[in-house]
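Please read the structure below before turning to the comments.
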There are 2 protein chains.
Amino acid sequence: MPIDITSDRPVFKQIADHYRDEITRGVLRAGAALPSESQMVKTFGVSGGTVRRALDLLRAEGLVVTEHGRGTRVRERGAVVRLASQRLTRANRAAGLGGFAADMRALGLDYKQEVLYLGNVPAPAEVSERLDVSAEAPVFARRRRMWGGGVPMQLADSYYPLDLVEGTPIVEEDAGPGGSYARLEERGHRLASFREELQARMPTEDEKKSLRLLPGVPVVSLIRTAIDTGGRAVEVFVSIVAADKHVFQYDFSAD
Amino acid sequence: MPIDITSDRPVFKQIADHYRDEITRGVLRAGAALPSESQMVKTFGVSGGTVRRALDLLRAEGLVVTEHGRGTRVRERGAVVRLASQRLTRANRAAGLGGFAADMRALGLDYKQEVLYLGNVPAPAEVSERLDVSAEAPVFARRRRMWGGGVPMQLADSYYPLDLVEGTPIVEEDAGPGGSYARLEERGHRLASFREELQARMPTEDEKKSLRLLPGVPVVSLIRTAIDTGGRAVEVFVSIVAADKHVFQYDFSAD
DNA sequence: GAGTGGTCTAGACCACGAC
DNA sequence: TCGTGGTCTAGACCACTCG
C-alpha cells in the first residue's frame with residue numbers, strides 16, 4: 001500500500017516487492033489468492049499495465065501462478081524427488097527397476113516411461129565428446145519422457161556406441177529387467193563408475209512445453225557417462241530435469 | 001517479420017519467437033546487437049509496449065541482455081567453473097588452498113573471499129536438521145561471498161557446532177592454511193565423507209543483487225554436510241551458486 | 001452475465017550513453 | 001544533441017471461469 005511515488009524504484013517493482021514480502025513472510029501462504037488485478041489498480045492507484053508488470057515479475061520468479069479467468073495464487077510446491085547417487089549402485093540396480101522407476105516407487109508415485117524415439121542419430125557434441133566416437137558419428141539413441149505422479153518429470157536421452165547395442169533389447173521399446181545397464185553387463189561390459197555433470201539454466205520453449213513447466217522454473221541438464229571396467233564409456237545419458245521437482249544428492253568419501 | 005495477426009499466438013510472443021530462432025540458429029551470435037526497440041516497432045508494425053514485452057520474455061529466458069541507452073545484445077556466456085567432487089579429497093585439501101580457491105586458480109582467475117559475517121546465530125532449519133543440534137540452537141556461522149575473476153560467484157555460509165570451533169582460527173577472518181577442514185582435523189575430527197545436496201531455483205531479489213545475476217539466471221542451492229570418522233556432522237555448508245558460471249561434476253563407483 | 005486475466009495501442013515523459 | 005531503453009497511463013477489446 002505504501003508505493004512511494006518519489007522513490008526512484010519503479011512502481012511496478014514496488015508492487016512486486018509488496019507481495020513478495022507477504023509471501024516470504026508467510027502472510028500469504030501457498031495456495032492463497034492475491035487480489036484481482038482490477039482490485040490492485042484501485043488499492044495502489046495505478047494503471048492496469050503497471051499492475052500487470054508487477055505480476056509478470058512475480059511469475060518469472062516462480063512465486064505465483066496465474067490462471068486465466070480464475071486469478072493469481074501463491075505457488076504451491078509439489079513433492080520433490082531425491083535423486084541420490086546410490087540409486088545407481090550395483091545392489092540397487094540388481095533390485096530390478098531402473099533408477100528412475102525405483103525413485104518414483106519409493107515416493108509412492110506411479111511411474112510411466114514414454115518412448116519418444118528409438119534409432120540411430122548423429123552424435124550430438126556433448127555425446128561424441130564423452131563417448132569414444134568422432135563428431136556426428138552415428139550412435140544409437142533412446143529418447144524418452146519420464147512421468148511420475150501423472151506429471152512429466154524429465155526428458156531422458158541415452159546414447160550408445162552401435163556395436164554395444166546391436167541385437168540387444170536396448171534397441172527395443174522395453175530394454176528388459178534391470179534396464180539397459182543390465183544388458184550392457186550381460187554383454188561383458190561390467191560397469192565400473194559413473195560421472196555426472198550438472199548445470200542449471202532456464203528451459204527452452206520446447207522443454208517448457210514438454211515438461212509442462214510453469215514460468216520461473218529452471219531445468220537441470222544432467223549428463224551421466226557410464227564407464228566400464230576397461231575404461232570405456234559405454235553410455236552417455238543426457239537428461240533435462242524439472243528443477244522444482246528434484247533434489248540431487250551425492251555422498252562421497254573425504255579421502 | 002512474418003507476424004501472423006490471424007494466429008492465436010500473441011504478437012509479442014511471435015516477435016520473441018523470431019529472435020529466439022535467430023539466436024538458436026546462430027544467425028545472431030553472442031554479443032550481436034538486436035535492432036533497437038523503435039526499429040522493431042517499424043519493422044513489425046506494432047506499438048512500443050508490445051515490442052517491450054517480447055524483449056521481456058527473451059531477457060527472462062536469459063537469451064539477451066539489455067543496457068540502458070546502449071541497446072539489446074545476445075547474451076555472452078562467460079567462463080564456466082567446474083566444481084568436481086574430487087576437489088574435496090584429502091590429497092587436494094592438503095595442497096593448501098580451500099576448494100574454491102583451488103578451482104579459481106586452476107582457471108587462471110583471481111580469487112577473493114569477502115567475509116560478510118562471523119559469529120553465533122540460531123541454526124536455520126536446513127542446518128539444525130543436518131548438524132546434530134536442536135532447532136534454533138546457537139551455532140557458529142561464517143558467511144562469505146566468493147569472487148572469481150572480479151565477479152561474485154557464490155554466497156557461502158558455513159555452520160559449525162560451537163564446541164568444535166571455540167578457540168580455533170575458524171572463528172577468525174582467516175581460518176588458516178587448508179581452511180576450516182584442516183582445523184577440524186587438527187582438533188581430532190578426521191573427515192570421513194561428504195554429502196552434497198543440490199537444488200536449482202530462481203534467485204531471490206537479495207541473491208540477485210549480491211551475485212549480480214542477470215535476468216533469467218537461476219541459482220543452485222548447494223548444501224554440503226561434512227561427516228567425521230565418528231559419524232558426526234561437523235560442518236554444514238550452505239551455498240548459493242550462480243548457475244551460469246558453474247558446472248557440478250561427481251564421479252562415483254558403480255558398485 | 002459478472003468478474004477475471006490477456007493483449008494491444010498511442011502517446012507522454014524520463015534516464016542513460018555516445019558523439 | 002540524438003538515439004536508446006525505462007516507466008506509466010487510459011482505454012479498448014478479447015478470452016476464460018464460474019454461477
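A, B, ... follow the sequence lines: proteins, then strands. Residue 1 opens every chain.
Contact between the side-chain N/O atoms of A:Arg70 and the OP1/OP2 oxygens of D:dC18 is found at a separation under 4.0 Å. Remark: B:Thr72 is not in phosphate contact with D:dT4, judged by side-chain N or O atoms under 4.0 Å from OP1 or OP2. For D:dG3, neither phosphate oxygen OP1 nor OP2 lies less than 4.0 angstrom from any side-chain nitrogen or oxygen of B:Ser38.
For the pair A:Asp8 CG and C:dC16 C1', the interatomic distance rounds to 14 Å; values are reported in whole Å. When the C1' atom of D:dT7 is taken as reference, atom CZ of A:Phe44 falls 17 Å away, rounded to whole Å. Distance, B:Arg9 CZ to C:dC8 P: 11 Å, rounded to whole Å. For the pair B:Phe12 CZ and C:dG5 C1', the computed distance is 12 Å after rounding to whole Å. One can place CD of A:Glu67 at 14 Å from P of D:dC16, the figure rounded to the nearest angstrom. Put simply, CG on B:Leu34 is 13 Å from P on D:dT4, counting in whole angstrom units. Straight-line distance from the CG atom of B:Asp56 to the C1' atom of C:dC8: 15 Å, rounded to whole Å. For A:Ile15 and D:dT9, the CD1 to P distance is 8 Å, given to the nearest whole Å.
A salt bridge is absent between A:Asp56 and A:Arg53; no separation between the charged side-chain nitrogens and carboxylate oxygens falls under 4.0 Å. Salt bridge absent: A:Glu205 and B:Lys13 never bring a charged side-chain N and a carboxylate O closer than 4.0 Å.
Under a 3.5 Å cut-off, the side chain of B:Arg224 and the backbone N or O of B:Glu196 do not form any donor-acceptor pair. In terms of modelled atom types and a separation under 3.5 Å, the side chain of B:Arg143 and the main chain of B:Ala141 share no donor-acceptor contact.
When only modelled atom types and interatomic distance are considered, B:Gln249 and B:Arg82 share a side-chain donor-acceptor pair under 3.5 Å. Side-chain atoms of B:Arg59 and B:Thr66 form a donor-acceptor pair, as typed in the model, at a separation below 3.5 Å.
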Between the protein and nucleotides 12-14 of chain C, which nitrogen or oxygen pairs are less than 3.5 angstrom apart?
none

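Between A:Val46 and A:Gly69, the residue anchored nearer the 5' end of DNA chain D, judged by the nucleotide with its closest heavy atom, is A:Val46. Annotation: of the two residues near DNA chain D, B:Ser36 and A:Gly48, the 5′-most nearest-nucleotide partner is B:Ser36.
No more than 12 heavy-atom neighbours from other residues, nucleotides or ligands sit within 6.0 angstrom of CD on A:Glu136.
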